Amino acid sequence: MMGRAQEAGALLLQIHDLRAWTHDRHHVVDDAPFGGGQGMVMKPEPLFAAVESLRTDASMVVLMTPQGRRFDQVLAREFSTAPHVIIICGHYEGIDHRVIEHLVDAEISIGDYVLTNGAIAAVVFVDAIVRLQPGVLGHEQSAADDSFSSSGLLEAPQYTRPAEFRGWKVPEVLLSGHHAEIAAWRQREAQRRTRENRPDLLS
Ligand code: JFT
């Protein structure tokens with residue numbers, strides 16, 4: 001989808017190697033944490049140099065981090081209108097906090113589980129934003145998003161042919177052609193599914 005989006009001129013994705021903004025022989029971007037502790041921390045100098053050389057007046061600087069605000073469709077919509085987003089995605093235990101205090105506009109986490117690096121989270125973040133760019137997806141997108149964000153419910157189950165598979169039948173109402181009954185069935189099933197899988201969406 002990213003390829004299609006770029007061909008359509010909907011956006012431009014550029015990937016940068018932080019080591020390009022180092023000056024030492026070994027292009028070091030990490031160091032041991034002050035105060036001791038496990039693992040390595042990303043040094044501030046290459047990150048400041050990289051972001052300060054890439055940003056414009058219109059840039060939003062995002063840091064993917066497990067300590068960030070939880071990413072959701074509301075945030076995806078917000079970022080989809082930003083003219084320029086710089087995403088910092090490291091792969092050490094953390095980042096020097098001065099980067100967060102003085103360089104980053106938003107700390108974002110894609111969810112409450114632990115990944116090995118921020119680039120994996122960045123792929124999720126970018127995908128959710130790219131599909132919201134005008135001209136990237138057809139009309140199928142807005143309808144699907146609206147049903148999620150405005151009804152606040154999960155989608156009802158869907159079926160396609162055959163009407164019977166291994167003895168398992170598609171619910172009769174979906175074959176009936178009664179649009180009002182189908183709508184009522186989908187509403188009930190959406191509520192049932194939401195109660196079972198995502199009770200947090202109901203409270
Ligand atoms: C993990 C991350 C997100 C998000 C950025 C950077 C290094 C590895 C790590 C592992 C354990 C504790 C850091 C990152 C994420 C998420 C994002 C980094 N690591 N601290 N993990 N889980 N949901 N977004 Cl830089």
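Whatever order the structure lists them in is the order used to number ligands and atoms, beginning at 1. The shown structure was predicted, so the numbers you read here are calculated from the model rather than taken from an experiment. One is the number of the first residue; the rest follow in order along the sequence.
The protein heavy-atom contact nearest to atom 2 (C) of ligand 1 is Pro66 CD, 3.5 Å. The protein atom (non-hydrogen) at minimum distance from atom 18 (C) of ligand 1 is Gly118 N, 3.5 Å. Residue, atom and distance of the protein heavy atom nearest to atom 21 (N) of ligand 1 are Leu115 N, 3.2 Å. Of all protein heavy atoms, the one closest to atom 23 (N) of ligand 1 is Gly111 O, 2.9 Å. In this structure, atom 22 (N) of ligand 1 lies nearest to the protein heavy atom Tyr113 O, 2.9 Å.
Checked by atom type and distance alone, the side chain of Asp200 never pairs as donor or acceptor with a backbone atom of Ser203 at under 3.5 Å. Panel note: side chain Gln133, backbone Ser80; a donor-acceptor pair is recorded below 3.5 Å. Distance alone, capped at 3.5 Å, is enough to place a donor-acceptor pair between the Arg19 side chain and the His27 backbone.
Interface of Val114 with ligand 1, defined as ligand atoms under 4.0 Å from a residue heavy atom, comprises 10 (C), 11 (C), 22 (N). Atoms of ligand 1 found under 4.0 Å from any heavy atom of Ile108 (numbered from 1 in listed order, with element): 24 (N). Per-residue contacts place Ala121 under 4.0 angstrom from the following atoms of ligand 1 (heavy atoms of the residue considered): 4 (C), 24 (N). Heavy-atom proximity to Thr116, at under 4.0 Å, picks out these atoms of ligand 1: 8 (C), 19 (N). Of all atoms in ligand 1, listed by their number and element, those nearer than 4.0 Å to a heavy atom of Glu93 are 13 (C), 20 (N). The distance from ligand 1 to the heavy atoms of Tyr92 drops below 4.0 Å at these ligand atoms: 6 (C), 7 (C), 8 (C), 9 (C), 13 (C), 19 (N). Listed by number with element, the atoms of ligand 1 under 4.0 Å from a non-hydrogen atom of Met64 are 5 (C), 17 (C).
Nearest heavy-atom pair, Pro33 versus Gly39, reported as atom, atom and distance to 0.1 Å: CD-O, 3.1 Å. Here the closest heavy-atom approach between residue Thr194 and residue Leu201 is recorded as CG2-CB, 3.9 Å. Closest approach of Leu175 to Ala163, counting heavy atoms only: CD1-CB, 4.2 Å.
Residue-environment remark: CD (Gln38) stays at or below the threshold of 12 foreign heavy atoms within 6.0 Å.
For Asp57, the salt bridge (charged side-chain N to carboxylate O under 4.0 Å, His left out) test picks out no residue, with sequence neighbours left out.
Taking distance alone, with nitrogen or oxygen atoms compared against 3.5 Å, Ile95 stays at or beyond that limit from ligand 1. Of the polar atoms of Ser109, at least one N or O is found under 3.5 Å from an N or O of ligand 1, judged by distance alone.
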Could you walk me through whether Arg192 and Glu189 satisfy the salt bridge (Lys or Arg N to Asp or Glu O under 4.0 Å) test, starting with their C-alpha distance in whole Å, then the side-chain angles of each, then the deciding distance to 0.1 Å, before giving a yes or no? CA-CA 5 Å; Arg192 184 208 309 283; Glu189 290 301 317; 2.9 Å; yes
